[in-house]
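Down below is the structure, laid out as structure tokens.
Chain naming here is simple, since letters A, B, ... match the order of the sequence lines and numbering starts at 1 in each.
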Amino acid sequence: MSQSKRYIQTTLFGGKIDSTPKRAKILDPKVESHKRNGSDPSDWLQDLENAARKNGGNATPSGIEPACQDEEKSSVAEKHVEQLLMADDLVGDDLVGDGAHQFGHVSILDEHFNPALETCDDWQAFTGSDNKKHYIDDQYLFSRLADAWYAIESLKNSGSGSKKKSWMILGNCFRSILYHCPSQLLYALYLSMQKLGPTYFGIETGIGENTLLKITCELYSRSINQVKELLKKSGDLGTIAYESKIGMTTLYKPPRLTLEYVFKQMLEIANHQGQNSQLRRREGLKRLLVPAIDQEPKYIIRFFQKQLRIGVKTPTIIQALTHAFLLSKPLHQNRQGSFVENEDFNTAVQDLTHTGVTPLVLSYISSHLKFKCYSTKHRSLFDHQECDDTKDATGNNKVRDGDKILDGEDRKTEDCKTEDCRTEDCKTEDCKTEDRKTEDCKTEDCKTEDCKTEDCKTEEPENRFPVEGKTEQEKWEICIRECYSRLPNLGVVVFYLMHGLTREQLHERCQLSPGIPVAPMLAKPTKSYTTVLNNMEGLEFRAEFKYDGERLQIHKDDHNNVSLFSRNMERLDQKYPDVRDRVINNLKCNDCILDSEVVAINPATGKIEPFQVLSTRKRKDVDAESIDVQVCLFVFDCLRCNGKSLVDLELYKRLEQLEKCFNPVSNEMEFARGQNCSDQSELEVLMDEAIQKQTEGLMIKVLKGSKARYEPSKRTVNWLKLKKDYLDSLGDSLDLVVIGAFYGKGKRSGAYGSFLMAIYDNEEYYSITKVATGFSEQDLQNIYQDLQTHVCDQKPYYYNTRIQPDVWFSPQQVWEIRAADLSLSPVHTAAINKMNTDNKGIALRFPRFIRVREDKQTEQATKPSQVVEMYYAQFNNNQEILEDDTEDFLI
DNA sequence: CTTGCCTGCCC
DNA sequence: ATTCTGC
DNA sequence: GCAGAATGGGCAGGCAAG
């Protein structure tokens, strides 16, 4: 029996105890695929299910009375929760094997999966190791996760119920990990999300499609052209790696990959910097791919492509995580300070709270659950308050608050960095108590106290945890999703879950806090005024300008620390030091979190500049004194103020608070222009103004009632965006000629994934955009067929473009393409000699396919003169001609 | 020291 | 970003 | 209606190659 934590069943399904318990047969995909070695890999799923059935899965031998099975269907999860309690050493194999009876299945694919029935042998015996290094306790085979992914991938498009099955399987995999090696759970979660830590830590692997292509060639001894040829067919480099590996015989058997090894190796790859870093990254990648077998190489490659292609993204992970903790709930564990008993946890947290330990620091404690794995550069991964940009002695790595916190006597606990962390348990006790005492509090008081008495609490709490008609799973899903949106650090959320918090407790502890980004609320695209009014029927609403800039979430704490985050929760502090100063100067509140849009502005005229100007701003080491692109901030929401979370308040109340928050300064920091509306004519008037002011259109938001809350990370009809280019009368529509195409990937494999489009100019064709969206699947099929006859061997001499598509076509078809804007392009050549623009052509922003123009000849396609006209029209409005500005912009 | 490729992140 | 699609 | 997966233009930054 391993020393890892054990759960046992204390109560049972009401079924009789099976007098003849037996161990479930070892059922693992690895066993099967190893045996068959090279046969169709998709078979094992079926094999597994058959085997499970044969072994008493659905029949009675496992101890389930048939009478219970109806109940099972309705609320299996709830039953399990009560059944699976955690125990320490009191019980061992004998109780699981004999004393208690066996419940459920050993197959992760089964609804009744029970990790307690798995033995270590299940995933260790078949490792075929000549090197036991990776198989010691608390290591979990990566292949088990990869196999779960594969099972899910195989389910895709298999019909109704496959979604539920997806998160069930993944959740069961998490349960297995949680049960046998809880310290490894976070690795599995992050790997499933194709991330190596919370977004705001800014970890990049630095490996992309091209590097992967080269690696594939090197590793599997193929030429680039060979691989590219294969890519045409399969459309997936991962599959190519998988197939290549199948055909390879290795001289020796390297150690098997474990979750921890894979994760650490990936993090190490991410950490390489400076000279030869690309080489070292590639070497690191090989260290992952060489030992990878079966499904592993495929998913390793897809990880770096940030595309697992199994139909699982964060929302599904949350579902799976919920499933895992609902069915395998840790309640009690005294050893090594890992888990604290439920009641104790509250006092423990109280205790910690008084000594100033914030959830951020609690996340450090979670590192004592051996969620520590990060090497030097990202050592402070679990510290949310890292925001210090000072360089350390080497000038390379940033010293973050987290490092400072640990710089005292506690340093030793974190020093294991790249070393093996497994043997560090003994220190956990000491460190924990040390931590408590040495921390000092910053923002904790407000968090625990204020929010209890706030209106947000009294306002429809049942709305947040709707009881009616929801299963336990659904209630928890909602809660955990919401918590994760407000505190987007899985380490912390999982830490809380490990302590068995109730939903209310969890929610209370996952409140917004300055310095930690909140997933921003998003808006749904709307195509007409009518749709807007329909959606807003019976509701009070407000319309605001939709500025064409960069979303910016502004945090200020009571020590005047300012942090800035992008729409995707990346740090932007370095990019906007000027904003930082403005925030400190203009804010009237103690602390706050604001939602806003930064827009490039001409400070002299106060005129808003196009997005393309903003995007030229430097991103790193920006000196506030010498900024080339000036910006204005348009603030439109307030998520937290003076210690109080406002997200549950109605929009109009948040706006009231926002007004009290800061002094607007013209051309520096203003309120987003907007007003309450009630009918189409008001919207139209505002839209005209919005267009005149060079913004994208309008945002329409519910002002009052339960739909007026700020719902982090959600895209609902409570916020609508009405962009001018969505409206038929306003967008730019062009008739373009298809001159080339690129092979599709993933679900577009076997057809073209995108097309190169051109305008016609006096016997020549100039590329203006690629287009890849707007096609139905049928369209793509038809187009693929239609264009086969037009494929050229070579690039026609009368094509003028800097882009090299996979295939060229002779000019035949004309398509209608819609776009939001036109921009100056370094790669497209449309109208290049009609403009004085430093060898730049014109391109389309947000191009989409509308329809085939059967009625048009290629010579009737849009002409350069028209494109030029459209381009300049963007900078003009009905009031004035802005020649000067335009010239400035072009130069 | 310049140029070009690659990546990640804005939209 | 936009768009389409399965559930 | 949600979640996922196709794909767009274009910029700075970082490194490698010349």
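- Note: A:F809 and A:Y752 meet the aromatic proximity criterion, with ring centroids under 6.0 Å apart.
- A gap of 15 Å separates the C1' atoms of B:dG8 and C:dA1, to the nearest Å.
- At least one side-chain nitrogen or oxygen of A:T205 sits closer than 4.0 Å to the OP1 or OP2 atom of B:dG8.
- In this pair, A:F755 and A:F775 present their aromatic rings tilted. The plane angle is within the 30 to 60° band.
- Contact annotation: A:K313 reaches the phosphate of D:dA5 (side-chain N/O to OP1 or OP2, under 4.0 Å).
- Listed pair A:K723 / C:dA1 fails the phosphate criterion, with no side-chain N or O lying under 4.0 Å from OP1 or OP2.
- Residue A:Q612 has a polar side-chain atom (N or O) positioned under 4.0 Å from OP1 or OP2 of D:dC11.
- A donor-acceptor pair under 3.5 Å is absent between the side-chain atoms of A:K724 and the main chain of A:A690, judged by distance alone.
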Sub-3.5 Å pairs of nitrogen or oxygen atoms, protein against nucleotides 16-18 of chain D:
from, atom 1, to, atom 2, distance (Å)
D:dA16, OP1, A:N276, N, 3.2
D:dA16, OP1, A:S277, N, 3.3
D:dA16, OP1, A:Q278, N, 3.3
D:dA16, OP2, A:N276, N, 3.1

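- Between A:K575 and A:K618, the shortest heavy-atom contact is CG-O, 3.4 Å.
- The side chain of A:K575 contributes no N or O atom lying less than 4.0 Å from OP1 or OP2 of D:dG13.
- Using a 4.0 Å heavy-atom distance criterion, A:Y726 is classed as a sugar-phosphate-only contact.
- For A:Q307, a side-chain nitrogen or oxygen approaches OP1 or OP2 of D:dA5 to under 4.0 Å.
- The phosphate of D:dC2 (OP1 or OP2) has no side-chain N or O of A:K163 nearer than 4.0 angstrom.
- Among B:dC9, B:dC6, C:dT3, the nucleotide with an atom closest to any side-chain atom of A:R848 is C:dT3.
- A heavy atom closer than 4.0 Å to some atom of DNA chain D occurs in A:G744, A:K745, A:G746, A:K747, A:R748, A:G753, A:S754, these being the qualifying members of residues 742-754 of chain A.
- Residue A:K524 places at least one side-chain N or O closer than 4.0 Å to OP1 or OP2 of D:dC2.
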Apply ring pair (Phe, Tyr, Trp, His ring centres under 6.0 Å) to residues A:W167 and A:F174 and explain how you reach the verdict.
CA-CA 10 Å; A:W167 57 254; A:F174 294 160; over 10 Å; no
Show the numbers, then the answer: is there a side-chain hydrogen bond (donor to acceptor under 3.5 Å, both in side chains) between A:Q278 and A:T211?
CA-CA 9 Å; A:Q278 288 308 307; A:T211 312; 4.6 Å; no
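- Side-chain nitrogen and oxygen atoms of A:T211 include at least one within less than 4.0 Å of the OP1 or OP2 phosphate oxygen of B:dT7.
- Residue A:K527 places none of its side-chain N or O atoms closer than 4.0 Å to OP1 or OP2 of C:dT2.
- Interatomic distance, A:I318 CD1 to A:C479 SG, rounded to the nearest 0.5 Å: 10.5 Å.
- In the model, A:T531 has no side-chain atom that pairs as donor or acceptor with a side-chain atom of A:N534 under 3.5 Å.
- If you take CD on A:E283 and NE2 on A:H272, they are separated by 8.0 Å, rounding to the nearest 0.5 Å.
- Looking only at side-chain heavy atoms (C-beta outward), A:F545 and A:E597 stay at 4.5 Å or farther from each other.
- Distances from the side chain of A:T769 to the nucleotides D:dA6, D:dC11, D:dG9 place D:dG9 closest.
- Ring centers of A:Y547 and A:F636: at least 6.0 Å apart, outside the cut-off.
- At least one side-chain nitrogen or oxygen of A:S823 sits closer than 4.0 Å to the OP1 or OP2 atom of D:dG10.
- Neither OP1 nor OP2 of C:dC4 sits under 4.0 Å from any side-chain N or O of A:S776.
- Using a 4.0 Å heavy-atom criterion, one finds that A:I317 contacts no nucleic acid atom at all.
- Residue A:T314 places none of its side-chain N or O atoms closer than 4.0 Å to OP1 or OP2 of D:dA3.
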Pull out every protein N or O sitting under 3.5 Å from an N or O of nucleotides 3-5 of chain B, one pair per line with the distance.
none

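- Cation-pi geometry between A:K195 and A:Y190 is not satisfied (NZ or CZ under 6.0 Å from the ring centre, within 45° of the ring normal).
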